[in-house]
Amino acid sequence: MCMFTNRYIANRRTAEILQSVCLVRMKRPPKNEKKEFFLNPSSTAWMNRSVHGPSPNPLSLCSSLEPSTEGVQPDNIVRRALQRRGDELLVAEHRFELRHNLHLVGFGKAVLGMAAEAERIVGDHLVQGIVSVPHGIQETLQHHRKQNMLLDSSSKIKVMEGAKHNLPDTDAQRSAESIRELASSLTERDLLLVLISGGGSALLPAPVPPVTLQEKQEVTRRLAASGATIQELNTVRRALSLLKGGGLARCANPAQVVGLILSDIIGDPVDLIASGPTVWSETSVETVWTILNRYNLSATLPLSVKEVLNQIASQQKSSLKDQPQQVNILNTVIGSNTIALECASLKAKELGLRPVILSPGVCGNVQAVAQFYGLLSSFACSPGKESTELRDQILKLGPEVGVRSWELCQTLNKLETGCQESWQATCLLAGGEPTVHLLGKGRGGRNQELALRVGLELSRATEKSMTMFLSGGTDGQDGPTEAAGAVTDGNIASKARSQGLDIDEFLQNNDSFTFFSSLSKGQNLLLPGLTGTNVMDVHMLILPPLPSPQ
Ligand SMILES: Nc1ncnc2c1ncn2[C@@H]1O[C@H](COP(=O)(O)OP(=O)(O)OP(=O)(O)O)[C@@H](O)[C@H]1O
Ligand SMILES: O=C(O)[C@H](O)CO
């Protein structure tokens with residue numbers, strides 16, 4: 001909740017929906033107090049109000065969400081990871097001598113705030129820096145008065161914006177070239193601090209000649225559209241790049257390299273986050289071909305790409321002697337989705353909701369993920385016999401959506417207890433990155449598509465579900481749209497029908513953004529703008545309390 005309610009709630013209309021969620025009083029009322037359940041017919045949000053005493057003020061609840069993003073703010077994360085003791089820099093229990101020898105580069109959606117904090121910490125030991133950040137991020141942060149995430153006018157760090165709509169472009173390519181030049185100019189006396197966060201792959205494009213930027217962009221676009229995972233995507237990107245897969249660290253050699261990584265990939269694999277520019281990796285060309293074949297891309301690849309893959313294959317055969325040198329590289333993960341979920345959980349608790357963290361690793365096809373959340377909602381709302389059957393179905397689907405069985409069992413047990421205690425509403429939290437296989441030509445993103453599909457599942461539930469669902473990208477951007485995600489509930493199907501919107505048609509065309517923009521004048525969209533951080537997506541199911549037996 002910290003991410004979505006603080007960031008995403010920036011949209012007033014969305015705030016209203018979540019405010020109504022926050023109106024719920026969770027604690028058992030005093031014995032002499034009568035309780036009532038309301039179903040708010042206009043917003044479909046349910047409310048549980050005490051008829052005695054004042055009901056909570058939605059606006060105050062909303063503003064109390066503000067501090068909850070602290071945990072995943074890039075400046076805070078760097079402050080925790082980087083310490084200065086006199087002329088020494090401490091990172092992950094390693095010490096580095098500072099003698100006006102520190103250079104800084106960064107790429108990704110969160111690195112501006114990271115860089116601002118790093119410069120404050122290292123002070124005049126910083127010689128120079130360059131960060132490659134998303135187009136428009138400085139303006140957005142100014143707009144939200146996030147001065148702590150912006151650089152001072154006297155900063156030694158150059159900010160280069162690029163990669164509009166998260167796609168590598170010539171601006172990002174220029175930034176990558178400048179970063180490459182900076183790294184290549186270093187000596188063994190120097191220390192290179194590399195700030196890395198999600199979105200870094202698009203912000204550091206340096207295709208291996210003769211592959212052009214357009215060709216590389218097209219290969220990754222087609223892979224993503226076919227539903228390739230980020231692991232697969234970045235495995236291919238690494239092979240076609242001069243800087244990814246350890247290329248940047250190679251350029252900086254013999255300087256000491258320290259990579260501070262804000263993870264946006266499940267399991268925090270440092271060699272894949274932003275395609276691992278500081279992690280020596282030897283991707284086998286066979287693996288790359290396997291991925292390209294899996295998505296039927298091999299036959300239609302540009303000749304330049306085939307040429308580069310063939311070159312790598314012959315180099316790999318002849319240069320086993322050229323083993324990677326890791327000695328002067330330190331990579332450390334300084335933050336991830338888990339922190340966002342923990343923050344959200346704390347906030348939920350403060351609001352009187354019962355937080356349950358499911359997993360930070362939800363992945364897989366968006367359809368399966370939607371079905372999974374639909375089942376979880378039904379399970380939480382069905383005490384008794386039918387829940388046994390639902391439990392089996394959920395346990396069967398779990399592995400397909402990246403949730404481990406121990407995580408699931410723990411969650412199901414908690415939901416069951418919730419049913420027995422009837423008055424408590426639950427805020428089920430999860431994170432991750434599902435995939436969408438694009439078949440249509442519409443505008444959307446995986447969060448909006450997931451929200452729409454979960455809404456449909458909730459609409460189809462036998463017993464009218466009063467669950468609400470939210471899915472949002474913590475970076476504030478969901479696919480190539482202005483939205484971060486959307487909020488839905490079980491009334492979405494009837495609402496859409498009454499407004500002449502055919503959900504199936506929108507889904508077939510992967511047009512979730514257009515759908516949510518049209519539905520109730522965009523009320524369900526989350527529109528925070530770029531948030532300046534990036535730790536994958538956050539999903540939230542608000543499961544209503546069951547009416548207590550009278
Ligand atoms: N019309 C659409 N409907 C649904 N999903 C879409 C649509 N267009 C693109 N996507 C999905 O959006 C994803 C890209 O989303 P986004 O730009 O938010 O990237 P991201 O994975 O969060 O980026 P990064 O990891 O680089 O921060 C792709 O996986 C793609 O499948
Ligand atoms: O930039 C990227 O490659 C993705 O955000 C994953 O880290």
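Order of appearance sets the numbers: ligands from 1, and atoms from 1 within every ligand. These numbers come from a predicted model, not from an experiment.
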Any donor and acceptor pair, going by atom type alone, linking the side chain of [X] with main-chain N or O of [Y] inside 3.5 Å?
| X | Y | value |
| --- | --- | --- |
| Lys244 | Val236 | no |
| Thr278 | Gly246 | no |
| Glu407 | Arg404 | yes |

Region of [X] engaging ligand 1 - heavy atom pairs below 4.0 Å:
| X | value |
| --- | --- |
| Asp264 | side chain |
| Asn534 | side chain |
| Ala225 | neither |
| Arg443 | backbone |

Short N or O distance, [X] and ligand 1, threshold 3.5 Å exclusive:
| X | result |
| --- | --- |
| Gln477 | yes |
| Gly442 | yes |
| His165 | no |

- Note on the structure: Closest heavy-atom approach to atom 6 (C) of ligand 1 among Leu438, Ile273, Leu203, Asp475 is made by Leu438

- Query: Which residue from Ala163, Gly444, Gly440, Ser275 reaches closest to atom 8 (N) of ligand 1 through any of its heavy atoms?
  - Reply: Gly444

Nearest-contact summary for [atom] - protein heavy atom, Å:
| atom | result |
| --- | --- |
| atom 29 (O) of ligand 1 | Arg446 NH1, 4.1 Å |
| atom 27 (O) of ligand 1 | Lys109 NZ, 2.9 Å |
| atom 12 (O) of ligand 1 | Gly479 CA, 3.7 Å |
| atom 23 (O) of ligand 1 | Asn166 ND2, 2.9 Å |

Under 3.5 Å side-chain donor-acceptor pair for [X] and [Y]:
| X | Y | result |
| --- | --- | --- |
| Asn234 | Arg237 | yes |
| Gln499 | Ser520 | yes |
| Asn534 | Ser197 | no |

What I'd like to find out is whether the side chain of [X] reaches to under 4.5 Å of the side chain of [Y], using heavy atoms alone.
| X | Y | value |
| --- | --- | --- |
| Lys146 | Leu150 | no |
| Phe372 | Leu358 | yes |
| Met160 | Leu203 | no |

- Please verify whether a non-hydrogen atom of Gly473 lies at under 4.0 Å from ligand 1. no

- Message: So, 4.0 Å and heavy atoms of Gly445: is ligand 1 close enough to count as a contact?
- Response: yes

- Name of the residue among Glu457, His539, Arg453 meeting side-chain hydrogen bond (donor to acceptor under 3.5 Å, both in side chains) with Tyr373: His539

- Note on the structure: Within 4.0 Å of some non-hydrogen atom of Pro480, the atoms of ligand 1 are 8 (N), 9 (C)

- Distance filter under 4.0 Å to Glu449 heavy atoms, resulting ligand 1 atoms: 3 (N), 4 (C)

- Task: Might you point out which heavy atoms bring Leu151 and Val159 nearest each other, and give the distance in Å?
- Result: CD1-CG2, 3.2 Å

- Note on the structure: Gly200 and Ala274 have their tightest heavy-atom pair at CA-CB, 3.7 Å

- Query: Under 4.0 Å between a Lys/Arg side-chain N and an Asp/Glu carboxylate O for Asp271 and Arg238?
  - Reply: yes

Report all side-chain donor-acceptor pairs from residues 429-445 shorter than 3.5 Å, counting only partners two or more places apart or in another chain.
| unit_1 | atom_1 | unit_2 | atom_2 | d |
| --- | --- | --- | --- | --- |
| Glu433 | OE1 | Arg446 | NH2 | 3.1 |
| Thr435 | OG1 | Gly364 | O | 3.4 |
| Arg443 | NH2 | Pro480 | O | 3.2 |
| Arg443 | NH2 | Glu482 | OE2 | 2.8 |

- Message: Tell me which residues fall inside the under-4.0 Å heavy-atom shell around ligand 2.
- Response: Gly198, Gly199, Gly200, Ser201, Ile230, Asn234, Arg237, Asp264, Ile265, Ile273, Ala274

